Amino acid sequence: MTDDDRIKLEPSWKEALRAEFDQPYMHQLREFLREEHAAGKEIYPPGPLIFNALNSTPLDQVKVVILGQDPYHGPGQAHGLCFSVQPGVAPPPSLVNIYKELQRDLNIEIPKHGCLQSWAEQGVLLLNTTMTVERANAASHANRGWQFFTDRIIEVVSEHQPNSVFLLWGAHAQSKQKLIDATKHLVLKSVHPSPLSAYRGFLGCGHFSQANRFLEQRGLTPIDWRLPPV
């Protein structure tokens with residue numbers, strides 16, 4: 001993260017978020033990340049992938065928003081899309097439960113990999129509310145400023161898009177509901193797909209079919225939730 005003009009960000013997002021890069025919190029966040037790198041700490045995802053969710057899903061193409069908390073903190077996992085891992089990395093437990101619900105809800109065969117890039121390219125904004133993390137140190141970058149940036153992203157989608165679906169899984173994601181205009185968007189809530197909670201309402205929630213029904217009723221192409229091989 002450097003100066004505004006040097007940030008590689010998809011143009012529609014760059015325009016919508018331009019003012020954020022001049023905010024004091026963003027200068028503080030930039031300095032924090034610089035100091036972490038200088039101290040030799042390994043930060044995930046790699047720099048070019050921090051904004052992968054925005055770069056993969058332009059603002060005017062957002063149909064569905066899935067909110068995660070912070071990136072995976074194991075080597076080679078995170079690539080800037082919530083719940084997703086890079087090709088060749090085994091799907092983590094929460095993603096396995098997402099796949100189980102997809103199979104139950106839409107009879108979609110469980111994929112052999114955990115890369116959700118094809119969802120992002122169809123209009124699913126896979127947004128972590130904290131966009132970086134230190135290796136092996138979960139939530140280490142929480143409350144460092146990312147929350148202001150990602151809150152603004154949620155607000156921008158709510159304001160800009162006419163009919164989107166927000167999937168809020170778990171208490172953290174549901175705390176962002178106040179940023180969403182529920183009179184124009186569909187907000188679906190459940191417990192988190194983590195193995196600690198999935199059996200208390202995530203498995204059986206039917207969110208994927210409900211999202212597609214909402215999109216189809218508004219004349220939009222539904223999401224093909226099947227993942228191609230990688």
Side-chain angles (χ1 to χ4, degrees), residues 42-45 49-50 52-53 64-117 119-120 124-144 146-147 149-151 153-154 165-180 182 186-212 223 225-227:
E42 204 168 335
I43 306 299
Y44 300 139
L49 293 175
I50 289 173
N52 190 23
V64 178
V65 179
I66 299 178
L67 293 180
Q69 198 153 353
D70 68 336
Y72 295 121
H73 53 80
Q77 290 182 301
H79 65 131
L81 305 178
C82 73
F83 294 105
S84 181
V85 287
Q86 303 203 54
V89 177
S94 292
L95 183 54
V96 170
N97 284 332
I98 290 170
Y99 287 168
K100 286 178 181 176
E101 176 55 20
L102 269 171
Q103 184 179 49
R104 189 210 62 81
D105 188 16
L106 293 171
N107 199 29
I108 287 173
E109 188 176 343
I110 292 180
K112 302 284 194 292
H113 65 85
C115 181
L116 306 181
Q117 188 72 38
W119 292 2
V124 182
L125 182 64
L126 295 164
L127 182 67
N128 279 315
T129 57
T130 298
M131 298 181 85
T132 56
V133 71
E134 181 188 344
R135 176 176 178 163
N137 191 359
S140 49
H141 292 185
N143 301 314
R144 289 290 184 170
W146 281 123
Q147 70 274 21
F149 185 69
T150 54
D151 278 3
I153 291 170
I154 297 164
V165 183
F166 288 81
L167 304 183
L168 307 183
W169 299 335
H172 176 76
Q174 288 168 27
S175 74
K176 306 299 182 180
Q177 185 173 355
K178 61 186 181 294
L179 306 170
I180 303 162
L186 177 63
V187 178
L188 298 175
K189 297 184 289 184
S190 84
V191 297
H192 195 276
S194 156
L196 300 174
S197 57
Y199 290 92
R200 288 189 276 112
F202 179 79
L203 297 171
C205 69
H207 282 184
F208 302 102
S209 58
Q210 288 180 65
N212 276 354
I223 305 299
W225 296 104
R226 293 171 300 178
L227 291 169

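Since the model is a prediction, treat every value here as computed from it, not as a measurement. Heads up: numbering here begins at 1 and tracks the sequence.
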| query | Under the side chain to side chain donor-acceptor pair (under 3.5 Å) rule, what pairs show up with a residue in residues 86-100, not counting sequence neighbours? | reply |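 Non-adjacent pairs meeting side chain to side chain donor-acceptor pair (under 3.5 Å): zero.
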
Restricting to ring-ring contact (aromatic ring centres under 6.0 Å, His included), what partner residues turn up for [X], sequence neighbours left out?
X: H141; answer: F32
X: F166; answer: H185
X: H73; answer: none

| message | Suppose we screen for side-chain contact (heavy atoms from CB on, under 4.5 Å). Which residues come up paired with I223, at least two apart in sequence or across chains? | response |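 Partners of I223 under the side-chain contact (heavy atoms from CB on, under 4.5 Å) test: K63, V64, Q122, V124, N212, L215, W225.
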
| field | Residues forming a side-chain contact (heavy atoms from CB on, under 4.5 Å) with E101, sequence neighbours excluded | value |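 Expected list: R104, D105, F202, L203, C205, F208.
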
| task | Would you confirm whether T129, through its side chain, and Q147, through its main-chain N or O, come within 3.5 Å as a donor-acceptor pair? | result |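 Checking the backbone N and O of Q147 against the side chain of T129, no donor-acceptor pair under 3.5 Å is found.
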
In chain order, what residues pass the side-chain hydrogen bond (donor to acceptor under 3.5 Å, both in side chains) check against [X], with sequence neighbours excluded?
X: S175; answer: none
X: Y44; answer: E42
X: Q103; answer: none
X: Q117; answer: N52, S56, E121

| field | With R200 via salt bridge (Lys or Arg N to Asp or Glu O under 4.0 Å) - residues at least two apart | value |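 For R200 there are no salt bridge (Lys or Arg N to Asp or Glu O under 4.0 Å) partners, ignoring immediate neighbours.
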
| query | Do W119 and F83 have ring centroids that are under 6.0 Å from one another? | reply |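 Not close enough - the centres of the two rings lie 6.0 Å or further apart.
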
| said: So for atom NZ, which belongs to K112, do other residues, nucleotides or ligands contribute more than 12 heavy atoms lying within a distance under 6.0 Å? | reply: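 It does not: K112 NZ has 12 such atoms or fewer within range.
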
| How about I154 and L67: do any of their side-chain heavy atoms sit closer than 4.5 Å? |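 Of all side-chain heavy-atom pairs linking L67 with I154, at least one is under 4.5 Å.
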
